[in-house]
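In what follows, every heavy atom counts, from backbone to side chain, and hydrogens, waters and symmetry copies are set aside. Chain letters run A, B, ... following the sequence lines, proteins first, then strands; residues in each count from 1.
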Amino acid sequence: MNSFSLEDKEDISIVLCGAAGQGIQTVEQFLTHVLQEDGYNVAATKEYMSRVRGGTNSTEIRISSKRVSAFVDRIDIFIPLNKTAIARQRKRITKDTIIISESELIKDEIDISKYKVIEIPWTELAQEIGSKVYLNTIAAGLIAELFQLDQEIGKKYLRNRFASKGEEIIQKNFEAFNKGCEIADTLISEKGLKIAIKKSSKKDKELLYNGASAVGMGAIAGGCNFICSYPMSPSTGVLVFLAKHAHDFDILVEQAEDEIAAINAGLGAAYAGARAMVTTSGGGFALMGEGLSLSGIIETPIVIHVAQRPGPGTGLPTRTEQGDLELVLYAGHGDFPRIILAPGSLQDAFYITQKAFNLADKFQVPVIILTDQYFMDLYYNIPPPDISKISIEKHITKTEKGYKRYKYTENGISPRGIPGYGEGLVRADSDEHTEDGFITEDLDVTRVKMVEKRLKKFDEVKKNVIPPDLLGTDKYKTLIIGWGSTFTAIKEALDIIADKEISFLHFKQVYPLHQKTKEFLEKAEKVIIIENNVTSQFSKLIKLYTGFEIKNKILKFNGMPFSVEELVEKIKKIEEV
Amino acid sequence: MNSFSLEDKEDISIVLCGAAGQGIQTVEQFLTHVLQEDGYNVAATKEYMSRVRGGTNSTEIRISSKRVSAFVDRIDIFIPLNKTAIARQRKRITKDTIIISESELIKDEIDISKYKVIEIPWTELAQEIGSKVYLNTIAAGLIAELFQLDQEIGKKYLRNRFASKGEEIIQKNFEAFNKGCEIADTLISEKGLKIAIKKSSKKDKELLYNGASAVGMGAIAGGCNFICSYPMSPSTGVLVFLAKHAHDFDILVEQAEDEIAAINAGLGAAYAGARAMVTTSGGGFALMGEGLSLSGIIETPIVIHVAQRPGPGTGLPTRTEQGDLELVLYAGHGDFPRIILAPGSLQDAFYITQKAFNLADKFQVPVIILTDQYFMDLYYNIPPPDISKISIEKHITKTEKGYKRYKYTENGISPRGIPGYGEGLVRADSDEHTEDGFITEDLDVTRVKMVEKRLKKFDEVKKNVIPPDLLGTDKYKTLIIGWGSTFTAIKEALDIIADKEISFLHFKQVYPLHQKTKEFLEKAEKVIIIENNVTSQFSKLIKLYTGFEIKNKILKFNGMPFSVEELVEKIKKIEEV
Amino acid sequence: MSKKNIFDMDDIDIAWCPGCGDFQILTTLKEALVELDIKPNNLVLVSGIGQAAKTPQYLNCNFFNGLHGRSLPVAWAIKATNPELVVIAESGDGCSYGEGGNHFIHTVRRNPNITNFVHNNMIYGLTKGQASPTSRFGMKTGIQVDGVILDPFNPLTIAIGLDASFVARTYAGDQKHMKEMMIKAIKHKGYALLDILQPCVSFNKLNTYQWFKERIYYLENHDPTNRLEALKRAAEVEKFPLGIFYVNEKPTFEENTEVYHTNKKPIYKRERDLKKFSEKFL
Amino acid sequence: MSKKNIFDMDDIDIAWCPGCGDFQILTTLKEALVELDIKPNNLVLVSGIGQAAKTPQYLNCNFFNGLHGRSLPVAWAIKATNPELVVIAESGDGCSYGEGGNHFIHTVRRNPNITNFVHNNMIYGLTKGQASPTSRFGMKTGIQVDGVILDPFNPLTIAIGLDASFVARTYAGDQKHMKEMMIKAIKHKGYALLDILQPCVSFNKLNTYQWFKERIYYLENHDPTNRLEALKRAAEVEKFPLGIFYVNEKPTFEENTEVYHTNKKPIYKRERDLKKFSEKFL
Ligand SMILES: Cc1ncc(C[n+]2csc(CCOP(=O)(O)OP(=O)(O)O)c2C)c(N)n1
Ligand SMILES: Cc1ncc(C[n+]2csc(CCOP(=O)(O)OP(=O)(O)O)c2C)c(N)n1
Ligand code: SF4
Ligand code: SF4
Ligand SMILES: [Mg+2]
Ligand SMILES: [Mg+2]
């Protein structure tokens, strides 16, 4: 094995880095799709600046023998596409990193002789084919060939991708692709740049999608037929996904004038019988508090997807954080029940979003799904969801004369009618109201009973909490706590640490907490919480509802997700104490 | 002493009850002002429906030998002004209550012979004078005379009150007033309706105002020169108060188009150097979350007064509750410091609001003042504030060339410049920014340092927390915890219980908590928390920051404040266990 | 109210002040609804918060009494979810043009087939008398102690400027005209704004019945399809012409929305096809 | 940029796409400011969030880069606190007319002496190409997959309908006209709206330089004091006339505000008189 060989790797991390607009995403799309189709496990994560052109963005693609799906610091193959790429990724580039680049882009930044650099005159080669734009396809071809991609798959993809541009462009891309393959062949034979990743066995049935699509598919499978939202990174992907599939699934998609309109429209639609959703980020959600409270008092279901990004204020619009847990937990004036879910894997995102609609409908409460930028943009191949396991549970009643919208019942849940379906009249009232839905000033009886009715529903909600997942032995000494999108990174870090006494408890429902939470915590000798925010919001929630104080915290708040390596290091450090 | 005598009472509670628009407030205003001027301790509380005319509202006026200022259930003298008055107040009317009324209004509701009823043909008497409108003045005269009011004070008040209506109206009111006095004289001599409340000795120097005015005066004394708000009960009184005194104190008062405009305008004004304030209620505040977060990241001071009312949604717009503590504690996306104050007495309201402006300016954070409807409308006489104790502390720097708005400093507080004052440029940025205030995507250094800078300020804030007031011995066995407006009722209840082993710890700063809080709690054998909300929000805050779980809770959430009697009863019940 | 109307409610305590224009609006609305033969359970009244916004409480029908300022997003969403319903959004001037101003302008653009009645009393009634967006320049209140210093908001010029589908004004003091306008507005296909001049006897001592009476007159020989002419009449400052200013027949939001292009069934009645889901994604 | 302008910044990395109309606006703005002899430390640029809203980052002056949609309340409040400052609110069409629509209409009514530049690219740029309120009917995007179905918002008819103080339109492709309009707008006493047609080369493939070029023309023989005429010109649909549509000289918010009636000193410079406080209340 010479120094360029990657044969000993079970997983390869390729990072492309360059300016917005340089086509990094095109390469990412190409490679993930064709390699997955060819049977590899693939995963990709992105980080980018809040701008449309320029700056320095990057994509990390992992191709692996085992299924892995988190962000790693390690870069096996680095492809810089502009002059700032090296500087931006410097701390991740080591002597082991293979840098494939024009020397022009890197020579001022590193001593080329000291790194594993492969110089490729991309621009020149692309221009030979006809234009700089073919650079991407050459790079894509090069990487593909390193993995011995079935060339037909690559060409089929290119043909589809450029179909609208005409045959000439397609042929040029083929040419570029072949060029890339040729270079790769030379690298393999001359430099020994060999890769030996094994393909996955279950390739046929696997799907490749990202967090935004997973949430969107969950919504479709949950019966969502109305979405009204205002664009806001990183939540817009869900809106776009539903818009794209609106025709096939009869979904009314409307862009609101602002977030306040969005949530009020969502509640209007739900009142009339729709399965309604809104998608936003923290700043947009901060404008929806009054609407959330309205959902609470009128007892009208709504599913709210909040893709977190770092605040306060505009903060870092295209970055990631788990800093809005407390916001969604306490938003809205007055006391009323709510449910907060936070998927960890793409599978979770599908099932949980699907379920969110059923929960909202059943308990007539707002259900919030918390994701984040990292999760929205995270891609990997997963087995297809099992549709037989899900169902769309509707809880709408045909009304009769004398129908009372807020009828007192034992568990606080009143049969929900909708206008025009049945003989009854449906009165939704944001004022404190009687069972019929009329304004009341009867304080001693009606007000008290209505407050209690709403809280009783919460008792029902508590009986239906999704339990946290325990990964590892239940005889753990150390228990790692995580929630939401940190799932894959923590899981992989623990696989690496491979300590049988450490287990991982992951929460995909963060509120209300599952009743067993305390038990799990108290069994451990040491508990470590891992959160992508600065004040450890989830540990506060845990303390409040279990009394258990978690002392060991691994927190990150620079706008980036945790990498597997830093988790390994930080967990080990705490373990050593 | 015959059955109508009230001579044994140290304090008399008079309740007027009738429809909105019947002039209850006129009588309340008259009685509180003239009796206070004549040297009595007076206090008044109101409760009213969300409507302009009709319905059934009431005012309770207490005249007492000792200073008392809370709401009591007991009614010594009841004056119903419409037919629903008795029904609405039924549980408070006992065989000891003297009911002064036309029989028309009460005969269908109670057996007149079984109660201490004094029948006065108000309407007829008023019409004799010229119109039904004089009824109020007759009633006012009657009560005044029972207290042997110096008639000149009464007439002076009436003259002022009706000055704009002309001499004829003034004379008619005098006539009505005299009529009331005459009736009172007969009642005193014939029914023995005697009252022996002692006047206070320090009468001259005392002031009479309500919660809204106390907050408003504090704002003026705090240097507030800009208020922009949207009307919302019960917070509007503060806006009206500042508008009324705008000329005298150079205050710019502007009604915004909505709450979002209000808070953003407040921040714009503060950026330019104003001492800015907004006033709102929970639902309005729920719309300001994004603006609050903006204040957090641009580090621009703002004082936000939130007068709570029961939610969720529109809830009970004219009622009282302490249900928005968690809302103001967690509103806004992302993590940033804030200060939350909650006055208990009218004196507190003055001093605390005054101080709020200094705190906001010093730490460059949002400061929230939490009151509620009960507190806004609560009136009593208090000694004038000591102006020598306060000062307006401004923390604005004249800038120099190269000024950096967000300069890193040891305690996180950067000298605050304003545009046009000095040579520097002042850049406020809602994106994560450099020290100069420019957008940054430097995650590893700048982002992290800026997050830490903002949190460091919070460490400074924590060194400056207003300590909770301990009433009673510091060798208590039982400790009662209260915050905000429940102060006067709890204090009076404990005076009645008169148990030397029970003390009362009242918080006027609820966040951050004073560091001694835990010590106070752990010293007690029993801790009882009293809150005007359903989920005991303050005890959750205490648990989170001290780990101390308060098990005994006295909660109320029907929209009414605690009465002294119910507190006495509930505290005793817990004490007995 | 003489004979019993199906929208009448028994036994209710109306929270308005005696003499308030809101009563006339309520009575007339019930008459208009009967004349239009609308069924109570097929009607949804949507309101925000304010005195005007209490109207739905006093009619026998479905209602959504939402948040201050937010009636319009609720109303169009209800209509879009179930176009078979008759949807009327009804609120005060503060609610509709102040807090709800952004929804007003964008709902006009959206053009859902709903009706919007605005009780324009030029004041905030429920909160006891602050200036509303339509308050006249110079009017004094407890907050506007030196008088209003903003130019009044003219809902008609704005709606016509936005090329609204139907724009009309009436006056609560003329029930005959009001009923005619209500009926036309409800019948109109598309977003229909009816601004109703409404005296508030408790707080608005400036814009009284008398004041309005002296200033209203009826549009005559006016061609409501002429946008510029409509703007001109709407922009009049001294007087308040009443009638239909502007009619612009155009497709509604529901018609424009793809989900109803071929299939007219309300979306809430359609079942999600999970088999199709599998075919599409799995 | 040829010679060094005092508003130039050294060493900055501008986040816009090559070819974007925003560059022309930035250059022209700096020139206009120099011509007006405005001092950097006496100028405050206020913006919201979006591509246009990044403009203040690229000028050497004070700025308040606030929240999406909220530039106007911030801007008038700054001006009211310190009328000695020159205050310009600058943002995109989405920010100004979408999220910020309510502030737009009410700030026009308030008439503070500020200038409002709206980069109208008929698209949401920063969020990568969704319809904005000014997007043309039928334009397709990732969300408006069947094309925009709302009528475009016409900022000019709305502003004139609100009797705004100054209403003009220019085009980023004509820097000479743009500079003239900017100078007049800044000089104007009162709220001045300048809507700037701005091509977005990355996302708006419909409203390109070419498209605008074919549709713009210059107002001539137009009397900007004639409101109806202004409305008529502003309402044109096929073409985009450029120039000053409407000028309505009237007192500004600061002039109308009692706090500046006699005393012109900015409020932030005045000291609170605690002695007066004692006299008044104690
Ligand atoms: C978010 C919010 N802000 C403020 C209020 C308080 N509020 C209730 S009604 C109202 C104004 C009512 O005026 P208008 O809409 O003109 O109705 P009117 O009472 O005059 O009929 C206000 C400001 C509220 N309920 N919610
Ligand atoms: C409350 C809130 N909602 C949404 C966003 C997301 N957002 C940022 S910029 C933008 C639109 C920008 O469009 P425009 O104002 O036209 O400016 P352009 O980028 O086109 O110049 C949106 C929706 C946000 N930052 N805040
Ligand atoms: S306050 Fe005015 S608008 Fe409200 S009910 Fe009374 S008169 Fe009517
Ligand atoms: S996205 Fe459009 S508006 Fe934004 S910088 Fe690029 S071209 Fe300009
Ligand atoms: Mg009104
Ligand atoms: Mg734009």
If you check every heavy atom in residues 122-131 of chain D against those of chain C, which residues fall under 4.5 Å?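 Within residues 122-131 of chain D, no residue comes under 4.5 Å of chain C, counting heavy atoms only.
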Measuring from atom [atom1] of [X] to atom [atom2] of [Y], what distance do you get when rounded to the nearest 0.5 angstrom?
X	Y	atom1	atom2	value
D:Ile105	C:Ile105	CD1	CD1	5.0 Å
D:Thr157	C:Leu162	OG1	CG	6.0 Å
C:Leu228	D:Glu229	CG	CD	8.5 Å
D:Leu231	C:Lys232	CG	NZ	12.0 Å

Assess whether atom NZ of C:Lys189 is packed by more than 12 heavy atoms of other residues, nucleotides or ligands within 6.0 Å.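 Atom NZ in C:Lys189 is crowded, with more than 12 foreign heavy atoms closer than 6.0 Å.
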D:Glu220 atom CD, neighbour heavy-atom count above 12 within 6.0 Å: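 At most 12 heavy atoms, drawn from other residues, nucleotides or ligands, come within 6.0 Å of this atom.
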At a heavy-atom separation under 4.5 Å, does D:Pro251 approach chain C through its side chain, its backbone, both, or neither?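 Neither; nothing under 4.5 Å.
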Region of D:Tyr97 in contact with chain C, defined by heavy-atom distances below 4.5 Å: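 Only the backbone of D:Tyr97 comes within 4.5 Å of chain C.
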Side chain to side chain contact (heavy atoms under 4.5 Å, CB included) between D:Lys250 and C:Asp151, worked out: CA-CA 10 Å; D:Lys250 55 180 175 177; C:Asp151 276 338; 2.3 Å; yes
Between C:Gly147, C:Ala235, C:Gly98, C:Ala159, the one whose heavy-atom pairs under 4.5 Å with chain D are most numerous: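 Of the options given, most contacts go to C:Gly98.
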Would you mind telling me which of C:Ile160, C:Ile149, C:Asn154 has the largest number of heavy-atom pairs within less than 4.5 Å of chain D?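 Looking at each of C:Ile160, C:Ile149, C:Asn154 in turn, C:Ile149 comes out on top.
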Strictly distance-based, threshold 3.5 Å: is any side-chain N or O of D:Asn102 a donor or acceptor partner for the main-chain N or O of C:Gly100?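 No; judged by distance alone, with no hydrogens or angles, the pair does not exist.
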Is there a donor-acceptor contact under 3.5 Å from the side chain of C:Asn111 to the main chain of D:Leu150?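 Not at all, since once roles are kept as given, no pair shorter than 3.5 Å links the two residues.
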Closest approach of D:Ser132 to C:Arg109 (non-hydrogen atoms, all atoms of both residues):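 Of all heavy-atom pairs spanning D:Ser132 and C:Arg109, the closest is O-NH2, 4.3 Å.
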Heavy-atom pairs under 4.5 Å with chain C - which of D:Val108, D:Ile158, D:Leu156, D:Asp146 has more of them than the others?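 Among D:Val108, D:Ile158, D:Leu156, D:Asp146, the one with the most close pairs to chain C is D:Ile158.
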